[in-house]
Amino acid sequence: MTALMELRGACRCYGSGAARVQALDHVDLDIAAASSIAIMGASGSGKSTLLNILGGLDRLDGGSYRVDGRDISKFGDNKLSAMRLRRFGFVFQGFHLIPQLNVLENIELPLYYRGVDNVTARRRALRLAGRFGLENRIHHLPAQLSGGQQQRVAIARALANEPDILFADEPTGNLDSASGAQVLDVLQQLVQEGKTLVLVTHDEAVAAAMQRLVRMCDGRVVS
Amino acid sequence: MTGRMVILWRDVVLGVTDLRRHGGRSVLTMLGIVFGVASVIAMLAVGNGASREALRQIRQLGSDVIILNAVKPAELLNQGTRHRIMSVYGLTFEDVERIKATVPGVHLLVPVKVRREQVVNPAGVVDVRLVGTKPAWFRLVMHRLMAGRLLTALDVQRRQAVAVVTDTLARRLFPLKPVLGSYVRAGGSSYRVVGVVSSVSLSGMLQSVAGAEDIYVPLSALRERNGDVLLRYKSGGSVRERVQLHRVLLKMARERDVEATAAALRTMLHRFHRRDDVKVKVPLALLRQAERTQRRFNIVLGAIAGISLLVGGIGIMNIMLASVTERTREIGVRRAIGASRADIMRQFIIETVVLAAGGGVLGVLLGFALPWLITRFSGVDTLVTGSSVVLSLLISVAVGLVFGLYPARRAALLNPVEALRHG
Ligand SMILES: Nc1ncnc2c1ncn2[C@@H]1O[C@H](COP(=O)(O)OP(=O)(O)OP(=O)(O)O)[C@@H](O)[C@H]1O
Ligand SMILES: [Mg+2]
């Protein structure tokens with residue numbers, strides 16, 4: 001069985017000359033569909049860089065990256081954007097909701113870029129808001145929500161276009177343990193529903209909840 | 001609404017929301033556009049207004065016409081009513097003979113005598129203007145004959161008390177009776193109505209040459225019945241005026257003779273009318289004058305419009321660049337979600353266009369005020385047309401598009417990862 005995501009000899013470096021940093025150094029990594037994987041490592045070890053590459057936000061300087069056997073490192077910007085829109089969902093440490101949009105509008109946003117009509121979009125957003133216990137907050141602005149609520153909105157938004165792969169960069173990093181646990185619970189449920197989850201964390205407990213663990217050091221996968 | 005339309009509409013709403021957040025800043029930025037658009041409208045309004053009157057005269061009279069008007073000299077105007085002095089001024093029959101004898105190339109010469117009178121009929125009092133003239137009047141002024149006949153040489157020769165009335169006046173004077181053959185009593189005499197013509201309204205810069213309230217009668221008949229003296233009642237007394245002819249219309253055989261002839265007439269009339277109680281008006285020259293005025297305003301307003309729009313455009317570009325920087329992370333988030341470069345580009349272009357068009361709308365409002373002020377303080381006739389409003393709104397949208405392009409491109413080309421790390 002070929003993996004869903006397949007990284008071969010992946011290199012990514014920043015800067016030049018003396019300031020040159022090899023953020024990814026010939027990384028090989030296979031991730032199976034419907035699995036969950038945690039990426040751990042010291043600060044600056046290249047976790048976020050790896051996640052951004054996997055999520056199609058960033059491009060490789062060398063090596064290849066295949067999704068479903070197709071080398072998306074050769075994709076143009078439009079095809080890559082479409083890939084993110086349809087198949088990938090992102091959850092960030094800082095929530096990254098759009099401050100001037102309310103909860104529903106934030107959740108609807110990916111649907112608009114998809115060209116979904118606004119009645120359907122509204123219906124889907126309401127369903128997602130309900131699922132994550134936000135039904136009483138749908139007209140609130142992000143600034144009026146707690147961190148845990150904001151992160152649940154972000155997860156709802158990431159799920160709006162029903163992607164099959166979720167990328168989460170320290171999703172619980174800014175949360176207290178209770179809301180962190182709640183968010184982790186939500187993510188685990190999604191894996192059970194068949195989504196693939198790639199998660200970066202500093203928290204051993206969070207990592208332990210994943211099916212597989214990868215450790216990074218200086219841009220290399222060490223285990 | 002489906003698909004792309006939805007995104008477009010969302011972008012407009014978002015754009016407006018964002019602009020409202022920065023209300024004061026947005027308005028300041030819009031000022032350039034506001035003034036630019038207002039100048040465009042004012043410029044077109046002056047152009048339209050200046051030529052409108054002259055063009056109308058020319059359409060109705062032809063471009064080969066010279067008009068001599070009797071003008072009450074200033075010293076008589078200020079005389080007041082106490083002295084009971086007879087004011088004598090205006091064109092004379094001698095002038096007419098002199099013109100006939102010495103000015104070449106005159107195709108038609110139409111002397112006109114005017115008396116403002118009131119006609120009493122069962123319906124009430126109707127203000128009319130008795131216009132004593134010659135049959136040539138109807139060859140010079142573009143009336144349409146609606147019923148009956150026009151004045152003839154025989155009417156003039158026999159001093160017949162016959163009248164041709166305008167259709168407007170006919171309806172008011174004889175709402176129930178047939179018009180032709182009825183009598184209208186004005187200035188102490190009765191005139192039999194022999195014809196009805198369409199009313200021609202010629203006024204404005206040239207005073208009232210023809211109007212809807214006109215009754216055309218043979219000059220000889222009017223003169224025989226009322227003489228040359230007009231008694232005018234004013235508050236506190238009356239003024240007596242003796243005017244032989246109030247107006248002489250000349251139609252030249254060739255248009256190119258108009259201006260030279262007008263100059264010759266001025267010289268000649270000045271010799272016999274030292275008090276300048278006769279003014280020579282040339283519709284063609286008025287049009288030229290209007291065009292000159294228009295050009296002057298065009299240069300000034302065009303420069304203001306150009307500079308304002310440029311400054312406004314740059315201001316808008318500036319604020320949009322600031323907005324892109326401020327919202328870098330938002331752009332990164334949108335890109336992560338799956339927005340393409342085109343999506344981001346469109347969003348910022350629409351915002352810029354909304355901002356510019358908002359300025360355009362304010363500019364249109366100011367654009368109505370500016371011509372009004374110009375008319376008020378410089379006397380230049382202005383006319384704001386719908387097409388100039390549409391045009392200037394289009395210009396403001398175009399400014400938004402042009403100056404929105406660069407900031408929108410900047411936003412679209414941001415690296416998603418770096419945009420996300422920003423701020
Ligand atoms: N845009 C950039 N320009 C220069 N260097 C960068 C850039 N992005 C990342 N780096 C460098 O690449 C290396 C890997 O960074 P990355 O963000 O992937 O680390 P990380 O493992 O996610 O760390 P943390 O746990 O602190 O989030 C670091 O040394 C970092 O300084
Ligand atoms: Mg990181």
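In the text below, chain A, chain B and the rest are named by the order of the sequence lines, each starting its count at 1.
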Worksheet item: With B:Phe403, which residues qualify under ring-ring contact (aromatic ring centres under 6.0 Å, His included), at least two apart?
Response: none

Worksheet item: How about A:Asp218: does its CG atom have over 12 heavy atoms from other parts shown lying under 6.0 Å from it?
Response: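 No.
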
Item to complete: With a 4.5 angstrom heavy-atom cut-off, could you sort out which part of A:Arg157 is near chain B: side chain, backbone, both or neither?
Response: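 A:Arg157 touches chain B through side-chain heavy atoms alone.
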
Discussion item. Can you tell me which of A:Leu80, A:Leu97, A:Leu111, A:Leu85 forms the most heavy-atom pairs within a distance under 4.5 Å of chain B?
Written reply: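 Looking at each option in turn, the highest pair count goes to A:Leu85.
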
Worksheet, complete the sentence: Applying side chain to side chain donor-acceptor pair (under 3.5 Å) to A:Arg152 and not counting sequence neighbours gives none

Discussion item. Taking side chain to side chain donor-acceptor pair (under 3.5 Å) as the definition, give me every residue that meets it alongside B:Arg329, ordered by chain and number, with sequence neighbours left out.
Written reply: none

Response to the item:
Taking every heavy atom of A:Thr201 against every heavy atom of A:Met40, the minimum-distance pair comes out as O-CG, 3.5 Å

Item to complete: Sort by residue number and list every member of residues 43-75 of chain A having a non-hydrogen atom under 4.5 Å from chain B.
Response: A:Asn52, A:Leu57, A:Asp58

Worksheet item: How many angstroms lie between atom CG of B:Leu373 and atom CG of B:Leu370, to the nearest 0.5 angstrom?
Response: 6.5 Å

Worksheet item: In terms of ring plane angle, is the pair A:Phe92 and A:Phe90 parallel, tilted or perpendicular, where the classes change at 30° and 60°?
Response: parallel

